[in-house]
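Just below is one structure, and these are the notes that go with it.
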2 protein chains.
Amino acid sequence: MKNRLKVLRAERDWTQADLADRLSVSRQTINAIEKGKFDPSLPLAFKAARLFNLRIEDIFQDDVDEPS
Amino acid sequence: MKNRLKVLRAERDWTQADLADRLSVSRQTINAIEKGKFDPSLPLAFKAARLFNLRIEDIFQDDVDEPS
DNA sequence: GCTAAAAGTAAAGCAAGCTTGACATCAATG
DNA sequence: CATTGATGTCAAGCTTGCTTTACTTTTAGC
C-alpha cells in the first residue's frame, strides 16, 4: 500500500506531528504509514480523505499484486 | 461505519460465503462486517472496491460523528 | 561545528481485524 | 415436520494497527 501523505504534507508545510494531531493519532503512526510499515485502518483512511478533501483512492494506492 | 455489502451481494445473488470466497476472507468476517461488528481493513476495502468496480466511499460510509 | 526541530526506529503492550471450529436460528421446500 | 442452505453468533488464538516512552539520525540555520 503506497500513499501520498508525505507529498500532501509538503504541499501544506506540515510536519508528521502536525498531521498526526489533525488525524488524532500518534506521530509514530504517521511515520509508520508513510514508511509503509503498515496500512492505516479504514476509519483513519476516511479521516485523511476528509482532511485533504480527497478520495481514499487518491491518497492510498493498493499494491495490486498478491493473487490471494 | 455502514456499508452496502448486503445490497451489492443481493444484486448479484451472492451468499456471504460467495463474497467471502471472492475476497479471500472467512464467511464470519463478511458477516461481522455486514453486521457492523468491526470495520474491514483498508486492503480488504480496496479488494471489495475492485470486486464491485466501485469506489471505497460508494461501498463503505463513515459514520461521521466522533469528535475525537 | 552547535543547536534544535524533524524524522526515523525500537520495544512493550493494548485494541482491532481476521481465522477456524462449532453450534443455533431462520427460511424455504419436499 | 424433516431437511438443507443461508445467516447469526461465540470462543480462542494469531496478526496487525496504534499507543507510549525513549533513543538515534537527519536536516537546516546560525
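What you see is a predicted model, and the numbers here were worked out from it, not measured in a lab.
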> Can you find a side chain N or O atom of A/Thr29 that sits less than 4.0 Å from OP1 or OP2 on D/dC18?
Replying inline: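 For A/Thr29, the contact criterion (side-chain N or O under 4.0 Å from OP1 or OP2 of D/dC18) is not met.
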>> Please confirm whether the shortest side-chain N or O distance from A/Lys35 to OP1 or OP2 of C/dG8 is below 4.0 Å.
In response: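 Yes, because at least one side-chain N or O of A/Lys35 sits under 4.0 Å from OP1 or OP2 of C/dG8.
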Distance in angstrom units between [X] [atom1] and [N] [atom2], rounded:
X	N	atom1	atom2	answer
A/Lys6	D/dT26	NZ	P	13 Å
B/Ile33	D/dG8	CD1	C1'	15 Å
B/Asp18	D/dA6	CG	P	7 Å
B/Lys37	D/dA11	NZ	P	11 Å
B/Asn31	C/dG21	CG	P	18 Å

>> What's B/Gln28 touching, base or sugar-phosphate or nothing? Going by heavy atoms closer than 4.0 Å.
In response: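 The answer is base, as B/Gln28 lies within the cut-off (heavy atoms under 4.0 Å) of a base atom.
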> Is A/Thr15 touching bases, backbone alone, or none of the nucleic acid, heavy atoms closer than 4.0 Å?
Replying inline: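 If one applies the 4.0 Å heavy-atom cut-off, A/Thr15 turns out to touch the sugar-phosphate alone, with no base involved.
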> Under a 4.0 Å N-O cut-off, is there an ion pair linking A/Asp62 with A/Lys2?
Replying inline: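 Salt bridge absent between A/Asp62 and A/Lys2.
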> Picking from C/dC18, D/dC18, D/dT7, which would you name as closest to the side chain of B/Gln16?
Replying inline: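 That would be D/dT7.
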> Toward the 5' end of DNA chain D, which comes first, B/Ser41 or B/Arg27, by nearest nucleotide?
Replying inline: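 Mapping each residue to its closest nucleotide by heavy atoms, the 5'-most match is B/Arg27.
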